[in-house]
There are 2 protein chains.
Amino acid sequence: MQEHTDPPDGPSPGLVSTAIQAITQHIRSEGLAAGDPLPSEAAMTRQLNVSRTVVREAFRSLSAMRLIDMSAGRRATVAKLDTGAMSMVIEHGITTQQISVQQVYDVRRTIEMRTVALAALRRTNAEAAAIAQSARLMRESCKSPETVMEHDIAFHEAIAAASHNPVFSLIVTAFSGVTRRTWVIGWRTRSSDEDQLKMIKGHEDIADAILKGDPRLAAEHMAEHFDKSVKALIDAGIA
Amino acid sequence: MQEHTDPPDGPSPGLVSTAIQAITQHIRSEGLAAGDPLPSEAAMTRQLNVSRTVVREAFRSLSAMRLIDMSAGRRATVAKLDTGAMSMVIEHGITTQQISVQQVYDVRRTIEMRTVALAALRRTNAEAAAIAQSARLMRESCKSPETVMEHDIAFHEAIAAASHNPVFSLIVTAFSGVTRRTWVIGWRTRSSDEDQLKMIKGHEDIADAILKGDPRLAAEHMAEHFDKSVKALIDAGIA
DNA sequence: CAACAGAAACATGTCATACAGGTTTTTGAG
DNA sequence: CTCAAAAACCTGTATGACATGTTTCTGTTG
């Protein structure tokens, strides 16, 4: 066992932070991949010379950020990339009014203009089909707003997935939580059935452009879609 | 005290998750803003009818995500928007090889093409000065790569700040950690001093375009900058 | 009455221990 | 060799204790 830098530690960033660092460092230095098991709490307790309380709080923190998976009886494992933490940060920003819904939509627009273009260029046939399927389901379920919304969200996430860049997927998915809280507002603002169908048509246009492999057209439709969505939100008074 | 939905809880997502939800719910329902104090652990213990262990792990988890601030003796407070959690997620993705540096750069390029345009349109004079200052410092300290890097990072974060959309700042800042780990590689690939100075010149061009308030020119220079950076990384063998 | 120092009350940080389940490994009977 | 029971190991939760940091109260003093 090494001294784990105890005396030269300046003030005291807290034992838990130290433990968190030790665990992430372990993942790094051992070159662990998603699914690989981590040391048990008892092992960490011995290695760091701290109580299980501290080690547990560290594991739990990493679990909250979805960097590791925990479950009773099993050792913790390295987690697959997940959106949980980012979602919570964004939602925290919204609920504490540090960011506005409109600002989130501006970022979404920026990102999805790109994902849609990439999707048009790189989508597999299966991905193109999945995107088209979501658009179709939106039309078919247009009686139930919540169902439309879920298909809408799935639509955008499917496009992000088809960009073949998981970082885009991560961000787009992180925004889905915010979308779930504001989507209905925009839907209600589209007073007439005609407006609502026009909005669904917009999704189909995007899906078609992706199927055709035309990135410029796809981006154009996506821009239009977002401009209308933001306008709907503004009309509804979402600052 | 209410029953806090104990029996109808289905399987059992764990008491800690429940406590986390209760705390975030508290923030939401009380409309708390950054800096406002949360209930003490003892109060939460009573309210949720669980042990302090559970409540503490919940608080600690939220603290790890930087949704709340904790410090000894004081009650926890609602935290200002912070990049901590997002950084960790991105770095986790990189170290576990679930995402590549190049993919991160592609996202950065997408986002910063937008932040730079917004900055050109919305920057205050002070922000324009700060951006130009960072570029100048890059040139002045070009002997010390690490110093250049820090000014480079500050440059990009300053542009994001000048976009006046904190969500962009959040994302750009979250990527800074990755940049710190790969920047030097790109720098070394620019073998000659001339190449290095050309790269610094690129930053000055961006700063000038922002100062002039020309979003198209600014975006053009930014695109060029990223294309060269990515090329440098690819040349260095970063997949 | 006001100011201030010290005590008390309160809060978090860490530790030790205990026990209830869940999971993996070992063992032993067939 | 197979397979089921037992043992060993692991995480989830609860309780109590104490150190240390922060706020609040209080009584004394100027």
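Here the structure is a predicted model, which means the values were calculated and not measured. In the text below, chain A, chain B and the rest are named by the order of the sequence lines, each starting its count at 1.
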Does any donor atom in the side chain of A:Glu157 or A:Ser169 lie under 3.5 Å from an acceptor atom in the other side chain?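 No pair is found: no donor N or O on one side chain lies under 3.5 Å from an acceptor on the other.
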Along DNA chain C (nearest heavy atom to each residue), the more 5'-positioned of A:Ser51 and B:Ser40: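 Upstream on the strand: B:Ser40.
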Which nucleotide in the list [options] gets nearest to the side chain of [X]?
X	options	result
A:Arg56	C:dT12, D:dT22, D:dT13	D:dT13
A:Leu15	C:dC15, D:dT11, D:dG21	C:dC15
B:Val54	C:dC15, C:dT12, D:dA14	D:dA14
A:Val16	C:dT14, D:dG12, D:dT13	C:dT14
A:Arg75	D:dT13, C:dT12, D:dT11	D:dT11

Take atom CD of B:Gln97 as the centre, draw a 6.0 Å sphere, and report whether it contains more than 12 heavy atoms from other residues, nucleotides or ligands.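 Count not over threshold, so no.
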B:Glu146, CD atom: more than 12 neighbouring heavy atoms under 6.0 Å: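 No - once you tally the heavy atoms of other residues, nucleotides and ligands closer than 6.0 Å, there are 12 at most.
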Rounded to whole angstroms, how far apart are [atom1] on [X] and [atom2] on [N]?
X	N	atom1	atom2	answer
B:Ile20	D:dG12	CD1	P	12 Å
B:Arg52	C:dT12	CZ	C1'	6 Å
B:Glu41	C:dT14	CD	C1'	12 Å
B:Arg74	C:dA11	CZ	C1'	11 Å
B:Glu57	C:dT14	CD	C1'	14 Å
B:Leu48	D:dA14	CG	P	11 Å
A:Asn49	C:dC15	CG	C1'	12 Å
A:Arg60	D:dT11	CZ	C1'	9 Å

side-chain hydrogen bond (donor to acceptor under 3.5 Å, both in side chains) partners of residues 127-136 of chain B, not counting sequence neighbours, each pair once: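 Non-adjacent pairs meeting side-chain hydrogen bond (donor to acceptor under 3.5 Å, both in side chains): B:Thr124-B:Glu127, B:Glu127-B:His164, B:Gln133-B:Arg136.
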May I ask you to decide if the ring planes of A:His203 and A:His156 are parallel, tilted or perpendicular, using 30° and 60° as cut-offs?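 Correct class here is perpendicular.
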Using a heavy-atom cut-off of under 4.0 Å over every strand shown, decide if A:Thr53 touches base, sugar-phosphate, or nothing.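 Since a base atom lies under 4.0 Å of A:Thr53, the category is base.
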